[in-house]
Amino acid sequence: MNLRTRLAIAGGAIAAGAMLLVSVVLYPAVEANLRGQIDSSLVAAAAKAPDVATAIKQKFKGTANESALPSVPLDIGSTQLQIVPDPVQAGPSTEFVDLTARDVEVAKGTAAAYFRTAVYDGVAYRIYTAPFPGAPGTLVRTAIPQSDPAPTLHQLAWLLAGSTVAAGLLAALASRLAARRVLRPVRRLTETVELIRTTGDLAIPIPTDSQDEIGRLGSAFAGMTAALDESVGAQRRLVADASHELRTPLTSLTVNLELLAENLADAQAPHLAAEALGQAGELRTLINDLVDLARYGQPAFHTEDVRLDLVAERVAARAARRAAAEIGFDLACAPTLVHGDPDALERAVANLVDNAVKWSPPGGRVLITLEAGALDVADAGPGIPDSDLKFVFDRFYRSPAARAHPGSGLGLAIVRQVAEAHGGTAEAVPSRTGALLRLKLPVCQLP
């Protein structure tokens with residue numbers, strides 16, 4: 001069952017339920033109103049009893065029955081009127097419904113007039129019993145067959161039942177037609193998503209015309225496919241760049257190993273073996289950088305408060321031991337607390353410091369400063385041309401001058417990726433002497 005059909009059934013059910021509720025309230029109300037009208041007509045007929053009695057006496061004036069009132073009910077329209085003369089006695093009656101003890105009390109004036117329902121000659125009557133005006137001890141009864149309002153109530157019941165069914169069907173039809181129009185954007189969105197799934201083309205535009213929930217859903221799908229397309233594109237570029245970078249050392253390594261295999265006694269064998277080992281080291285470095293690049297692109301699985309100044313001091317000390325006396329380090333790091341992955345942050349700082357060491361000449365100095373969450377690493381090298389400043393953090397980007405130095409071109413890309421994963425930035429700042437690279441991270445309040 002599709003969504004349009006479910007909406008149609010729901011709309012019809014709601015309309016039918018509403019009509020049923022109206023019927024449940026309306027039918028008893030109409031029945032009570034009709035009963036009230038009947039009771040009012042009975043009271044009005046009983047009030048006319050003296051006029052009827054006077055008319056009867058006028059009719060029989062001058063006869064032996066001049067003063068007698070007939071006890072047989074008289075038909076006045078649809079109402080029957082009976083005058084029971086004094087004395088009123090309880091018991092069976094051959095003219096109409098039996099008299100009760102309460103009727104006797106009403107005639108004496110010791111009980112109030114009342115309504116009741118009784119059966120006479122197989123017919124149910126609504127009866128009003130009251131004392132005869134101006135004649136104590138005399139009783140007047142008016143009655144109407146209860147079957148009189150029944151046709152009206154039956155017609156009302158059929159009308160309400162038919163209206164309930166008709167309202168449900170019309171609401172179901174209207175809901176289906178409305179659903180077809182309302183769900184048209186959903187159908188278009190579904191068709192587009194199915195087309196993307198079939199073709200695998202994430203660049204297919206997703207309709208986001210409306211500003212309602214469907215439009216928001218379309219915008220969410222469009223954003224998701226755009227992000228997925230960018231991710232797939234980044235993966236393809238990464239594979240292409242990595243294959244390009246791997247091809248050169250692999251080719252050189254293969255050639256050196258082939259030369260070694262041809263003549264192991266060659267005087268160049270130690271040199272070729274050293275070259276092969278160096279190229280294998282470059283491959284290992286490249287592969288490790290690729291693994292780190294992929295790992296730091298994922299959400300950090302472990303985060304904690306990290307003293308960035310202590311990380312910088314630890315990295316600088318390690319780099320100083322490796323560089324021996326060739327490179328000096330100057331640190332000016334204010335206590336700084338950040339929240340993030342400690343391993344990723346240390347790798348990013350180490351990459352910045354290693355890059356500065358690589359470009360610093362013998363006897364040069366690396367300046368590391370940290371203040372307000374901004375870690376600056378400056379070297380004494382040749383600096384970065386202004387045209388290359390915006391590219392130095394791209395993956396596999398190496399300026400023409402950098403191609404003579406070892407490296408994979410991924411170290412600074414890892415720095416930027418770590419920075420973005422922690423809500424920060426990485427940038428190359430213009431400098432008059434050497435290169436100045438900055439890692440800026442959100443800071444936390446020191447305890």
Side-chain angles (χ1 to χ4, degrees), residues 231 234 238 284-323 327-360 365-381 384 389-390 392-395 397 407-429 431 434-447:
S231 177
L238 177 61
R284 183 174 61 250
T285 301
L286 177 59
I287 292 171
N288 290 336
D289 286 344
L290 286 172
V291 171
D292 287 342
L293 192 65
R295 180 163 64 93
Y296 297 141
Q298 302 298 322
F301 59 88
H302 171 69
T303 59
E304 62 183 42
D305 290 340
V306 180
R307 281 284 300 272
L308 193 59
D309 56 308
L310 300 181
V311 171
E313 292 174 2
R314 187 165 58 249
V315 169
R318 190 166 58 242
R321 289 194 299 269
R322 289 199 306 265
I327 305 296
F329 291 87
D330 295 325
L331 277 78
C333 297
T336 303
L337 185 67
V338 298
H339 188 80
D341 184 342
D343 293 336
L345 292 172
E346 184 163 344
R347 179 60 190 275
V349 175
N351 286 359
L352 290 176
V353 173
D354 290 344
N355 182 79
V357 171
K358 180 174 67 174
W359 286 99
S360 294
R365 303 195 67 82
V366 174
L367 175 61
I368 303 174
T369 59
L370 174 60
E371 187 174 359
L375 176 69
D376 291 346
V377 180
D379 59 49
I384 303 173
L389 286 176
K390 60 181 179 180
V392 294
F393 288 96
D394 291 348
R395 288 180 304 194
Y397 179 77
S408 64
L410 292 176
L412 295 183
I414 292 174
V415 174
R416 181 170 66 179
Q417 192 156 294
V418 170
E420 292 175 350
H422 288 77
T425 58
E427 60 178 336
V429 181
S431 176
L436 175 58
L437 302 181
R438 175 174 294 165
L439 170 65
K440 188 171 179 59
L441 298 171
V443 298
C444 302
Q445 187 70 32
L446 283 168

Listed pairs under 3.5 Å, donor-acceptor, residues 328-335 side chains, sequence neighbours left out:
| from | atom 1 | to | atom 2 | distance (Å) |
| --- | --- | --- | --- | --- |
| D330 | OD1 | R365 | NE | 3.3 |
| D330 | OD1 | R365 | NH2 | 2.9 |
| D330 | OD2 | R365 | NE | 3.0 |

Give me each pair satisfying side-chain hydrogen bond (donor to acceptor under 3.5 Å, both in side chains) with a member in residues 305-314, each pair once, sequence neighbours excluded.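 Residue pairs with at least one partner in residues 305-314: D305-H339, R307-D309, R314-E346.
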
Kindly give the heavy-atom pair with the smallest separation between [X] and [Y], and that separation in Å.
| X | Y | result |
| --- | --- | --- |
| S360 | A356 | OG-O, 2.7 Å |
| A312 | V349 | CA-CG1, 4.1 Å |
| V392 | A428 | CG2-CB, 3.7 Å |
| A350 | V315 | CA-CG1, 3.5 Å |
| V418 | A344 | CG1-O, 3.7 Å |

Hey, can you pull the donor-acceptor pairs under 3.5 Å for the side chains in residues 438-447, sequence neighbours left out?
| from | atom 1 | to | atom 2 | distance (Å) |
| --- | --- | --- | --- | --- |
| R438 | NE | D376 | OD1 | 2.7 |
| R438 | NE | D376 | OD2 | 3.4 |
| R438 | NH2 | D376 | OD2 | 3.1 |
| K440 | NZ | A372 | O | 3.4 |

Kindly write out the residues that satisfy side chain to side chain contact (heavy atoms under 4.5 Å, CB included) with A426, not counting sequence neighbours, or none if the list is empty.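 So A426 forms a side chain to side chain contact (heavy atoms under 4.5 Å, CB included) with F393, V415, R416, A419.
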
Could you work out, with side chain to side chain contact (heavy atoms under 4.5 Å, CB included) as the rule, every residue matching A380, not counting sequence neighbours?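 Scan of A380 (side chain to side chain contact (heavy atoms under 4.5 Å, CB included), adjacent residues dropped) gives P361.
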
Side-chain contact test, heavy atoms from C-beta onward, threshold under 4.5 Å: evaluate it for [X] versus [Y] and give yes or no.
| X | Y | value |
| --- | --- | --- |
| V353 | I368 | yes |
| L367 | V377 | no |
| L412 | N355 | yes |

Residue among V338, T303, D341 satisfying side chain to side chain contact (heavy atoms under 4.5 Å, CB included) with H422: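 With H422 as partner, V338, T303, D341 yield a single side chain to side chain contact (heavy atoms under 4.5 Å, CB included), made by D341.
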
So V306 and L337, side chain to side chain contact (heavy atoms under 4.5 Å, CB included) or not? Walk me through it. CA-CA 6 Å; V306 180; L337 185 67; 5.8 Å; no

Atom pair NZ/CD1 of K358 and I327 - distance to nearest 0.5 Å: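 The CD1 atom of I327 is 13.0 Å from NZ of K358, to the nearest 0.5 Å.
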
Go through the steps for L370 and L308 under the test side chain to side chain contact (heavy atoms under 4.5 Å, CB included), then give the verdict. CA-CA 8 Å; L370 174 60; L308 193 59; 3.9 Å; yes

